[in-house]
Number of protein chains: 2
Amino acid sequence: MNERMDTLVDPMEAAAGEAAELLKSLGNPGRLRILCALVPGDKTVGELEAATGASQSYVSGQLLRLRAEGLVACDREGRSMRYRLSDPRVRPLLERIYELFCPDM
Amino acid sequence: MNERMDTLVDPMEAAAGEAAELLKSLGNPGRLRILCALVPGDKTVGELEAATGASQSYVSGQLLRLRAEGLVACDREGRSMRYRLSDPRVRPLLERIYELFCPDM
DNA sequence: CAAATACATTTTGATATTCCAATATTGAAA
DNA sequence: TTTCAATATTGGAATATCAAAATGTATTTG
């Protein structure tokens with residue numbers, strides 16, 4: 001395998017790495033539900049707890065991870081934190097996932 | 001949280017679980033590249049090794065996993081095994097991933 | 001049958017993830 | 001400033017994943 005071959009394979013390698021990173025974040029039911037809950041609009045941590053049925057520390061922890069990855073962002077709002085989707089690639093991906101897995105919801 | 005609430009949350013829960021399972025499979029660069037390599041058409045293990053640059057045992061191992069999850073299927077062809085995508089949800093998902101991560105390939 | 005080719009499987013050690021429980025922090029209100 | 005409500009963080013145990021290495025199995029060819 002020579003270098004011309006490597007440079008040929010490389011861009012795919014990079015794209016696959018990036019894509020896999022994002023897909024891995026979506027590849028957990030809890031995180032997926034949190035992100036889905038944010039599609040219709042921004043929500044506070046408490047609202048996300050209610051929407052997903054998960055515990056406070058779980059939701060907060062996953063939000064922290066999603067924030068570190070740039071998938072969500074937040075602003076303080078009184079004593080609450082309001083989260084929103086912040087990666088432009090998440091919404092179109094979630095749309096297709098909706099089509100495939102939630103055909104009638 | 002009463003039972004009416006549970007039955008209300010349940011379908012989402014189930015869909016999220018299914019979707020997350022599939023996304024987790026795509027959430028690994030090696031597997032993602034294998035699946036992408038199968039989009040244009042079926043391939044043997046050897047062809048997939050060449051297409052992805054990964055080792056034989058790695059490719060074969062991932063194919064085994066993907067097969068167990070129903071994402072790919074295979075038929076023997078002489079001394080080779082020809083693999084193909086077998087889950088109808090994979091191709092549309094990969095298409096969108098292409099659009100998002102490989103805008104010019 | 002023997003050798004070669006193409007895959008499959010198992011093992012292993014390292015690392016990562018998951019999720020809960022407990023505790024800490026922060027901001028607003030009293 | 002004390003207190004409460006909302007969110008953040010940490011610790012830990014169980015489990016899962018990753019990828020390489022070594023070995024095993026099936027199929028064709030000579």
Side-chain angles (χ1 to χ4, degrees), chain A residues 1 9 13 16-38 42-84 86, chain B residues 1 9 12-13 16-35 37-38 42-84 86:
Chain A
M1 215 171 272
V9 169
E13 195 71 43
E18 266 192 79
E21 198 182 332
L22 173 54
L23 290 166
K24 182 150 53 170
S25 289
L26 306 193
N28 168 280
R31 281 193 299 273
L32 187 55
R33 294 202 62 189
I34 290 173
L35 291 169
C36 284
L38 289 174
D42 311 349
K43 285 197 175 49
T44 67
V45 178
E47 290 168 344
L48 287 170
E49 282 177 60
T52 66
S55 75
Q56 186 273 318
S57 86
Y58 181 75
V59 172
S60 183
Q62 297 302 342
L63 285 170
L64 199 71
R65 171 183 171 158
L66 294 171
R67 220 167 69 194
E69 292 171 317
L71 303 194
V72 303
C74 61
D75 298 295
R76 183 165 286 284
E77 186 181 280
R79 59 181 97 186
S80 296
M81 280 297 221
R82 180 160 295 272
Y83 279 82
R84 62 177 186 279
S86 67
Chain B
M1 215 170 275
V9 169
M12 273 306 228
E13 194 70 44
E18 266 191 79
E21 199 183 331
L22 173 54
L23 290 166
K24 182 149 52 170
S25 289
L26 305 193
N28 168 281
R31 281 193 299 273
L32 188 55
R33 294 203 62 190
I34 290 174
L35 291 169
L38 289 174
D42 310 349
K43 285 196 174 50
T44 66
V45 177
E47 288 167 345
L48 288 170
E49 283 177 60
T52 67
S55 75
Q56 186 273 317
S57 89
Y58 180 75
V59 172
S60 183
Q62 297 301 343
L63 285 170
L64 199 70
R65 171 184 172 157
L66 294 171
R67 221 167 69 194
E69 292 171 315
L71 302 194
V72 303
C74 62
D75 298 295
R76 182 166 287 285
E77 187 180 280
R79 62 181 94 186
S80 297
M81 281 295 223
R82 181 160 294 272
Y83 279 82
R84 62 178 185 277
S86 67

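Labels below follow one simple rule: chain letters A, B, ... track the order of the sequence lines, proteins then strands, and each chain is numbered from 1.
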For A/Arg31 and A/Ser25, work out which heavy atoms get closest and say how close.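 Shortest heavy-atom separation between A/Arg31 and A/Ser25 comes out as NE-O, 2.8 Å.
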
Separation of atom CG in B/Leu66 from atom P in C/dA8, rounded to whole Å: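 After rounding, the gap between these two atoms is 12 Å.
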
Under 4.0 Å between any heavy atoms, over every strand shown, what does B/Arg82 touch: base, sugar-phosphate, or nothing? Just pick one.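 If one applies the 4.0 Å heavy-atom cut-off, B/Arg82 turns out to touch nothing in the nucleic acid.
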
Measure the shortest side-chain to side-chain distance between B/Glu47 and B/Arg82 over non-hydrogen atoms and say whether it is less than 4.5 angstrom.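 Counting from C-beta outward, B/Glu47 and B/Arg82 do come under 4.5 Å.
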
Using only atom types and a distance under 3.5 Å, with no angle test, would you say the side chain of A/Ser86 pairs donor to acceptor with the backbone of A/Gly70?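 Answer holds: yes.
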
Using side-chain heavy atoms (C-beta onward) and a distance below 4.5 Å, is B/Lys24 in contact with A/Lys24?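 When only atoms from C-beta onward are counted, A/Lys24 and B/Lys24 do not touch, as no gap falls below 4.5 Å.
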
Kindly say whether A/Ala37 contributes a backbone atom to a donor-acceptor pair with the side chain of A/Lys43 at under 3.5 angstrom?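 Yes, A/Lys43 side chain to A/Ala37 backbone: donor-acceptor pair under 3.5 Å.
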
Side chain proximity check, A/Tyr83 to A/Asp42, heavy atoms < 4.5 angstrom: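 In short, these two side chains do not touch, never coming nearer than 4.5 Å.
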
Would you check if B/Leu26 and A/Leu26 make a side-chain contact, meaning some heavy-atom pair closer than 4.5 Å?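 The answer is no, as the side chains (C-beta and beyond) never meet within the 4.5 Å cut-off.
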
Round to the nearest Å and state the distance from B/Glu49 atom CD to C/dT5 atom C1'.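 B/Glu49 atom CD is separated from C/dT5 atom C1' by 12 Å.
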
Send over the distance from A/Arg33 CZ to C/dT18 C1', rounded to a whole Å.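 To the nearest whole Å, that distance equals 17 Å.
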
A/Asn28 side chain N/O closer than 4.0 Å to the phosphate oxygens (OP1, OP2) of C/dT18?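 Checking C/dT18 against A/Asn28, a side-chain N or O does come within under 4.0 Å of OP1 or OP2.
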
Taking the nucleotide of DNA chain D with the closest heavy atom to each, which residue, B/Ser57 or A/Glu47, is nearer the 5' end?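 The residue closer to the strand's 5' end, by nearest nucleotide, is A/Glu47.
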
Extract, from 5' to 3' on DNA chain D, the first and final nucleotides lying under 4.0 angstrom from some heavy atom of chain A.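 From 5' to 3', the first and last contacting nucleotides are D/dA5 to D/dT9.
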
Can you check the B/Gln62 CD to C/dC7 C1' distance for me, whole Å?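 One finds 15 Å between C1' of C/dC7 and CD of B/Gln62, rounded.
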
Kindly indicate whether the side chain of B/Arg84, heavy atoms from C-beta on, has any atom under 4.5 Å from the side chain of B/Asp75.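 Heavy-atom side-chain distance check passes, below 4.5 Å.
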
By the 4.0 Å heavy-atom rule, please label A/Leu63 as base, sugar-phosphate, or nothing.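 Nothing, no nucleic acid heavy atom in range.
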
Short of 4.0 Å, heavy atom to strand atom, which residues of residues 72-81 of chain A count as contacting DNA chain D?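 Going residue by residue through residues 72-81 of chain A, the ones with a heavy atom under 4.0 Å of DNA chain D turn out to be A/Arg79, A/Ser80, A/Met81.
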
Considering only C/dT18, C/dA22, C/dA8, which nucleotide approaches the side chain of B/Gln56 most closely?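 It is C/dA8.
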
Using OP1 and OP2 only, check whether a side-chain N or O of B/Ser60 sits under 4.0 Å from C/dC7.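 The answer is no; no side-chain N or O of B/Ser60 sits under 4.0 Å from OP1 or OP2.
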
Rounded to the nearest Å, what distance is computed from the OH atom of residue B/Tyr58 to the C1' atom of nucleotide C/dT9?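 Atom-to-atom, B/Tyr58 to C/dT9, this comes out as 16 Å.
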
Under 4.5 Å between any side-chain heavy atoms of B/Glu49 and B/Ser60, yes or no?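 Result no, sub-4.5 Å side-chain heavy-atom pair not found.
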
